[in-house]
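Presented below is the structure to which this report refers.
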Amino acid sequence: SGLQTQGGQTVKLEFVTVERPSPGVAVVAFDRGDGLNAMSMQLARELTVTAHSLYDDFETHAIVLIGRGKGFCAGRDLRDSEIRDRTSAGMLRWRLCQAWERLEQFTIAAVERFAVGGGLAFALATDWRVMGKGAHFRAPEVALGLSMSWGSIPRLVNLVGPARAKQVLLMANDPITSDQALAWGLAQEIAPDGEVEATAIRWAAKVAQMPPVPARMTKKTINAYANALSDLAVHMDTDEVILTETTADHSEAVSAYLERRSPTFRGT
């Protein structure tokens with residue numbers, strides 16, 4: 001598939017498609033074909049380009065993000081060779097979430113089965129999240145010897161408060177069920193499994209019926225207030241993830257994950 005960027009160029013995409021189920025509504029679907037939708041650098045670039053292509057789209061008022069396949073997104077692809085370029089990979093992940101957060105249209109993540117790590121971070125960059133009853137969130141970064149990046153910590157704190165944010169990030173192997181997510185404010189609605197996309201589209205259709213100018217202004221004002229200090233933490237976000245990616249504990253965590261064994265951490 002292909003799309004027009006702000007510069008007028010047509011970009012062909014391998015993993016991302018844009019669909020128009022009803023007036024004013026766009027569905028951005030991504031599918032790596034691996035059943036997990038692991039966030040490779042190519043997928044991150046395609047999703048960022050897609051967001052940029054929607055900035056000047058004044059006919060679209062609400063956007064649904066859906067990970068097709070077996071789940072929303074299993075987080076960053078630990079097997080992706082591009083991730084070894086730590087600086088560029090870290091900045092690209094941050095820009096991906098920033099691009100989606102700064103869209104003026106309302107955005108809704110439709111989460112089936114799981115949104116893990118970077119998948120959770122990506123979902124946090126949207127305005128609302130609709131989850132399947134059997135779906136869960138999880139942030140395994142600390143358990144993998146990493147800090148949480150993607151610019152997601154301020155977003156998480158805004159949604160659930162500092163104590164819950166610490167619980168989500170430090171209890172890194174504990175899934176957050178859909179019921180917990182709804183109670184904590186991470187999700188706005190729980191839908192039956194298999195009906196999440198349709199439910200999210202109904203939400204989007206309701207927003208698309210609102211007068212677009214005050215709707216966009218309301219979103220921008222709320223985000224400006226909620227995120228007033230968020231950009232101050234971005235340099236720490238990038239520095240911390242680059243630092244933790246160089247530690248022996250991170251290497252041990254990744255090796256243990258790939259070898260399906262328990263890691264041994266030494267604080268180095």
Side-chain angles (χ1 to χ4, degrees), residues 1-21 23-32 37-68 72-73 75-77 80 82-83 85 87-110 115 118-129 149-152 154-155 200-201 204 207-208 212-213 215-224 226-227 230-231 234-235 237-238:
S1 62
L3 52 81
Q4 291 286 327
T5 65
Q6 284 178 297
Q9 295 180 322
T10 299
V11 178
K12 291 185 178 180
L13 304 180
E14 182 178 354
F15 302 132
V16 179
T17 59
V18 180
E19 304 160 7
R20 308 282 178 174
V25 175
V27 173
V28 174
F30 55 99
D31 187 354
R32 284 199 61 199
N37 279 328
M39 186 67 73
S40 65
M41 290 301 98
Q42 180 180 343
L43 178 57
R45 278 193 296 270
E46 290 188 12
L47 287 167
T48 303
V49 167
T50 302
H52 290 162
S53 75
L54 292 164
Y55 280 150
D56 292 332
D57 182 349
F58 295 105
E59 301 301 318
T60 298
H61 308 305
I63 303 164
V64 173
L65 270 168
I66 177 74
R68 296 256 168 83
F72 183 77
C73 178
R76 68 174 177 165
D77 187 349
D80 185 358
E82 284 192 77
I83 288 180
D85 186 350
T87 301
S88 61
M91 290 304 296
L92 181 58
R93 291 192 294 267
W94 174 70
R95 287 171 182 163
L96 163 67
C97 293
Q98 183 190 56
W100 280 92
E101 183 178 53
R102 291 188 175 179
L103 281 170
E104 291 186 357
Q105 299 97 329
F106 278 78
T107 53
I108 306 166
L120 170 59
F122 187 33
L124 292 176
T126 63
D127 296 306
W128 297 319
R129 284 146 296 281
S149 59
W150 313 74
S152 58
R155 299 182 187 108
I201 289 173
V207 173
V213 173
R216 290 183 181 222
M217 291 176 66
T218 297
K219 170 176 171 171
K220 289 185 68 174
T221 300
I222 293 171
N223 281 359
N227 302 328
S230 297
D231 285 348
V234 167
H235 69 284
D237 180 304
T238 305

Once you round to the nearest 0.5 Å, how far does CD1 of Ile222 lie from CE of Met217?
-> 12.0 Å
So how far is it from Leu96 CG to Leu47 CG, rounded to the nearest 0.5 Å?
->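 With rounding to 0.5 Å, CG (Leu96) is 6.0 Å from CG (Leu47).
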Any salt bridge between Arg32 and Glu14, counting N to O under 4.0 Å?
->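 Salt bridge absent between Arg32 and Glu14.
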Looking at side-chain heavy atoms only, is the closest gap between [X] and [Y] below 4.5 Å?
| X | Y | value |
| --- | --- | --- |
| Thr60 | Val25 | no |
| Cys97 | Arg155 | yes |
| Trp128 | Val207 | yes |
| Ile108 | Arg129 | no |

From the list Leu43, Asn37, Leu65, side chain to side chain contact (heavy atoms under 4.5 Å, CB included) with Phe122 holds only for Leu65
Can you list everything that forms a salt bridge (Lys or Arg N to Asp or Glu O under 4.0 Å) with [X]? Sequence neighbours excluded, please.
| X | value |
| --- | --- |
| Glu104 | Arg216, Lys220 |
| Asp31 | none |
| Arg68 | Glu19, Glu197 |

What are the two closest heavy atoms between Val28 and Trp100, and how far apart are they?
->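 Shortest heavy-atom contact: CG2-CH2, 3.9 Å.
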